[in-house]
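All chains are named by letter (A, B, ...) in the order of the sequence lines, taking the proteins before the strands, and each is independently numbered beginning at 1.
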Amino acid sequence: DSGVTQTPKHLITATGQRVTLRCSPRSGDLSVYWYQQSLDQGLQFLIQYYNGEERAKGNILERFSAQQFPDLHSELNLSSLELGDSALYFCASSVDSGHHFGNGTRLTVT
Amino acid sequence: QKEVEQDPGPLSVPEGAIVSLNCTYSNSAFQYFMWYRQYSRKGPELLMYTYSSGNKEDGRFTAQVDKSSKYISLFIRDSQPSDSATYLCAMSETGGFKTIFGAGTRLFVKA
């Protein structure tokens with residue numbers, strides 16, 4: 001068990017809808033990272049937060065946004081969903097460079 | 001050209017074999033090098049974490065970093081069927097603000 005909790009495990013929704021994915025980092029970890037993993041793209045970095053502030057941005061679409069709250073949990077909001085957004089979304093937390101990943105949220109857009 | 005290149009495999013070996021997994025990279029600023037193991041339907045699990053060049057050993061796993069060649073390796077000794085998974089290399093610059101992952105190599109260890 002990595003100590004990183006992600007909810008929900010599975011999400012099925014329709015195109016055009018909006019969803020929120022939630023992540024609770026390991027106790028004491030200040031950094032939270034969001035990744036998207038699809039079969040053809042591998043693990044793609046989306047965004048990082050450190051102690052409530054955005055620290056780095058990767059290939060995150062404008063339709064996607066994230067935030068980290070004072071209790072350090074984080075949410076990833078995906079809106080105007082498209083079929084191509086179907087993927088596994090992972091959250092990771094860290095103290096240093098080594099990431100500890102949750103088991104992901106599998107998003108299916110129909 | 002991708003910053004990190006990793007052969008996706010699949011790589012199939014018999015039980016007990018020594019497995020060699022490799023990645024090459026182009027960014028000479030990378031200082032932190034990691035290997036992750038990912039089982040199906042699970043999140044990646046941190047296996048090895050090294051800083052700069054050199055070797056690191058942990059049980060049956062050995063990680064090697066050659067910064068002069070921009071090449072990293074993970075060796076698995078006495079491979080077991082339970083080692084069957086996807087192995088991802090990852091690396092980041094000093095400070096670790098942005099980590100780049102390889103595509104992952106699928107490994108099958110046959111009993």
Side-chain angles (χ1 to χ4, degrees), chain A residues 1-11 21 23-26 29-51 53-60 76 87-108, chain B residues 1-10 21 23-25 27 29-53 56 58 61 63 65 67 72 74 85-106:
Chain A
D1 183 7
S2 68
V4 178
T5 304
Q6 288 188 250
T7 57
K9 290 184 179 179
H10 303 278
L11 205 46
L21 313 183
C23 170
S24 293
R26 287 192 320 165
D29 286 356
L30 299 179
S31 279
V32 169
Y33 305 77
W34 286 98
Y35 289 86
Q36 180 191 60
Q37 187 176 46
S38 56
L39 280 175
D40 58 344
Q41 292 291 325
L43 200 60
Q44 299 291 313
F45 169 67
L46 295 178
I47 196 165
Q48 178 202 356
Y49 278 83
Y50 179 83
N51 202 20
E53 294 191 4
E54 182 182 304
R55 178 62 68 91
K57 251 183 178 178
N59 301 320
I60 188 166
L76 179 66
L88 266 170
Y89 291 85
F90 286 107
C91 166
S93 71
S94 74
V95 172
D96 48 30
S97 281
H99 288 13
H100 297 270
F101 283 84
N103 282 325
T105 293
R106 181 173 295 276
L107 173 66
T108 302
Chain B
Q1 182 189 8
K2 292 183 178 179
E3 279 190 282
V4 177
E5 297 278 2
Q6 183 176 12
D7 187 338
L21 303 167
C23 287
T24 59
Y25 63 95
N27 185 352
F30 286 142
Q31 295 280 357
Y32 298 87
F33 303 91
M34 287 74 70
W35 285 95
Y36 292 82
R37 176 176 63 195
Q38 185 176 19
Y39 292 115
S40 180
R41 302 180 186 277
K42 296 290 187 181
E45 171 194 0
L46 181 63
L47 276 180
M48 302 287 280
Y49 170 73
T50 56
Y51 170 73
S52 195
S53 284
K56 184 173 183 178
D58 184 359
F61 298 91
V65 175
K67 292 188 69 180
I72 69 170
L74 178 71
T86 296
Y87 290 80
L88 301 101
C89 64
M91 42 202 83
S92 68
E93 299 179 17
T94 302
F97 292 147
K98 186 177 173 186
T99 299
I100 307 296
F101 284 80
T105 299
R106 292 192 68 190

Please say whether more than 12 non-hydrogen atoms of neighbouring residues, nucleotides or ligands are located less than 6.0 Å from CZ in A/Arg26. yes
Quick check on B/Phe61: does its CZ atom have over 12 non-hydrogen neighbours (other residues, nucleotides or ligands) under 6.0 Å away? yes
State, yes or no, whether a side-chain contact exists between A/His99 and B/Phe101 at a heavy-atom distance under 4.5 Å. yes
Hey, does the side chain of A/Asn103 reach the backbone of B/Gly43 with a donor-acceptor pair shorter than 3.5 angstrom? yes
Got a second to check how far B/Thr99's OG1 is from A/Phe45's CZ, nearest 0.5 Å? 8.0 Å
Checking A/Tyr35 against chain B: side chain, backbone, both or neither under 4.5 Å from a heavy atom? side chain
Structural part of A/Gln44 lying under 4.5 Å from a heavy atom of chain B: neither
Residue pair B/Lys42 / A/Phe90: nearest heavy atoms and the distance that separates them: O-CZ, 3.6 Å
What part of B/Glu45 gets within 4.5 angstrom of chain A, counting heavy atoms only: side chain, backbone, both, or neither? neither
